[in-house]
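The structure presented is a predicted model; accordingly, all values stated were derived computationally and were not measured. For reference, positions follow the sequence shown, starting with 1.
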Amino acid sequence: MKVLAAVGLVVMWSSGFVGARLGTAEAPADTLLAWRYVAAGAVLVLLAAARRPRVRRGELGRQALIGFLCQSLYLAGVVTGVGLGVPAGVAALIAVLQPLVVGALAGPVLGQRVRPRQWLGLATGVGAVGLVVAGDASAGGPVLGYLLVAGGMLALSSGTLLERRWRLDTPLLDSLTIHCLVSTAAFVTSAAVAGRLDPPATAGFWWAVAWVVALSTFGGYGCYLLALRAFGATGASTLLFLTPPTTMLWALLMFDERVGWLGVLGMLGCAGSVWLVLSANGRGTWIRRRRRSSSTRHAAPASPSRRSPTPTPRSAPTRVT
């Protein structure tokens with residue numbers, strides 16, 4: 001399950017940047033996002049009507065806030081920034097700075113200890129991602145676009161920290177339903193107020209909508225929530241370092257954009273950064289379990305001697321029940 005969550009998160013999350021490029025070539029960002037969530041919300045409402053889930057009122061409000069941060073604000077910033085001219089690779093670079101924000105705040109907000117090896121992995125990832133998008137950095141987009149992508153990244157970081165701090169027990173499908181319905185209301189309202197709710201009658205637009213609904217919404221956010229629960233906030237966020245090189249592979253397959261040596265080096269560096277952070281998490285967990293099991297083994301023989309100072313005769317073995 002952990003491997004599936006990790007691979008799915010990287011591949012599906014990367015599809016969102018490709019979908020943003022596909023969709024904003026056909027319509028404004030708020031039009032694309034509105035119809036994306038209308039379609040996704042309709043599917044989830046039908047599933048909810050059949051399942052009749054019960055979510056506590058306190059969890060409902062908290063899940064709504066997490067969905068507004070992790071989906072509404074994050075996607076509004078990223079997709080609008082790409083629509084304004086920010087290159088997809090640069091947008092991916094800004095978006096994956098999120099692990100640094102989560103890692104820096106994991107201590108004071110979550111009470112988690114971030115080890116030096118994890119910080120090294122995070123720093124390595126930033127440098128590697130810089131190599132991946134070095135070719136795009138000279139193609140500067142508008143300042144507002146870069147600020148919007150950065151704002152979306154900060155919103156996603158905030159939602160990630162809140163989800164782990166609250167430790168909600170809401171089932172995965174129910175969480176995704178709440179998040180999508182909140183985003184549907186936000187984007188439909190925004191597009192309607194701006195007079196851009198009517199969709200273009202082009203096959204390219206509806207292909208982009210189908211792409212982002214199936215891959216980015218259900219695939220991306222479903223795997224993201226799974227990865228949060230499997231790896232924790234820092235581990236799940238670090239996996240996002242693999243999205244820029246994966247986005248390059250998507251672009252190679254779909255738009256015939258070639259990957260240079262910088263891209264290859266960046267992919268290797270991203271893989272190394274993920275290994276540093278996740279192996280540090282796994283090693284710490286293994287050590288703690290080993291210590292607990294060792295202390296249990298050493299403490300067990302002492303119990304009978306404290307209760308009875310008389311040694312047990314060898315001819316009468318003790319029965320363990």
Side-chain angles (χ1 to χ4, degrees), residues 1-13 15-16 33 36-78 95 98-99 101-102 105-106 108-112 152-189 212-240 281 285:
M1 181 61 72
K2 284 189 175 183
V3 174
L4 179 63
V7 174
L9 172 62
V10 173
V11 174
M12 297 302 178
W13 200 269
S15 72
L33 290 170
R36 164 183 176 168
Y37 278 97
V38 165
V43 173
L44 290 171
V45 165
L46 290 176
L47 290 175
R51 296 185 304 111
R52 297 183 180 274
R54 294 183 179 180
V55 181
R56 293 192 297 270
R57 184 174 301 178
E59 288 197 0
L60 182 62
R62 291 185 172 187
Q63 288 289 357
L65 178 57
I66 292 172
F68 183 70
L69 290 169
C70 290
Q71 294 203 27
S72 304
L73 292 185
Y74 170 70
L75 284 175
V78 171
Q98 183 230 14
V101 178
V102 173
L105 297 179
V109 176
L110 303 179
Q112 296 179 355
M153 178 271 296
L154 292 174
L156 179 60
S157 302
S158 301
T160 299
L161 290 167
L162 283 178
E163 201 277 340
R164 299 314 301 163
R165 181 178 179 84
W166 287 335
R167 297 184 179 275
L168 303 177
D169 296 326
T170 312
L172 179 62
L173 186 57
D174 296 341
S175 300
L176 187 59
T177 301
I178 297 169
H179 297 177
C180 282
L181 291 180
V182 168
S183 297
T184 301
F187 289 129
V188 168
T189 301
V212 293
V213 168
L215 300 182
S216 307
T217 300
F218 293 125
Y221 283 97
C223 289
Y224 185 68
L225 292 174
L226 281 175
L228 273 178
R229 298 177 183 184
F231 299 105
T234 304
S237 298
T238 304
L239 286 169
L240 297 181
N281 278 337
T285 302

Seminar exercise, completed: Rounded to the nearest 0.5 Å, the CE atom of M12 sits from the CZ atom of F218 at a distance of 12.5 Å
Problem set entry | Nearest heavy atoms of A39 and V213, plus distance in Å | CB-CG2, 4.0 Å
Exercise. Where do L228 and T160 land on the side chain to side chain contact (heavy atoms under 4.5 Å, CB included) test, with the steps shown first?
Worked result: CA-CA 8 Å; L228 273 178; T160 299; 3.6 Å; yes
For this session: Could you tell me whether the side chain of T170 reaches within less than 4.5 Å of the side chain of R62, counting heavy atoms only?
Result: no
For this session: Locate the shortest heavy-atom distance separating A49 from R52; write the atom from each residue and the value.
Result: O-CG, 3.6 Å
Which side-chain N or O atoms in residues 67-78 pair as donor and acceptor under 3.5 Å with protein atoms at least two apart or in another chain?
| from | atom 1 | to | atom 2 | distance (Å) |
| --- | --- | --- | --- | --- |
| Q71 | OE1 | Y37 | OH | 2.6 |
| S72 | OG | S183 | OG | 2.8 |
| Y74 | OH | W13 | NE1 | 3.3 |

For this session: Measure the CG-NE2 distance between D174 and H179 for me, rounded to the nearest 0.5 Å.
Result: 10.5 Å
For this session: Nearest 0.5 Å please: distance from the CG atom of L65 over to the CH2 atom of W166.
Result: 4.5 Å
For this session: State, to 0.1 Å, how close A5 and A227 come at their nearest heavy-atom pair, and which atoms those are.
Result: CB-N, 4.1 Å
Problem set entry | Side-chain touch L9/L226, heavy atoms, less than 4.5 angstrom | no
Problem set entry | Residue pair T184 / V38, side-chain heavy-atom distance below 4.5 Å | yes
For this session: For residues I66 and L168, determine if any side-chain heavy atom of one lies less than 4.5 Å from a side-chain heavy atom of the other.
Result: yes
Seminar exercise, completed: Between the OG atom in S175 and the CD atom in E163, the distance rounded to the nearest 0.5 Å is 7.5 Å
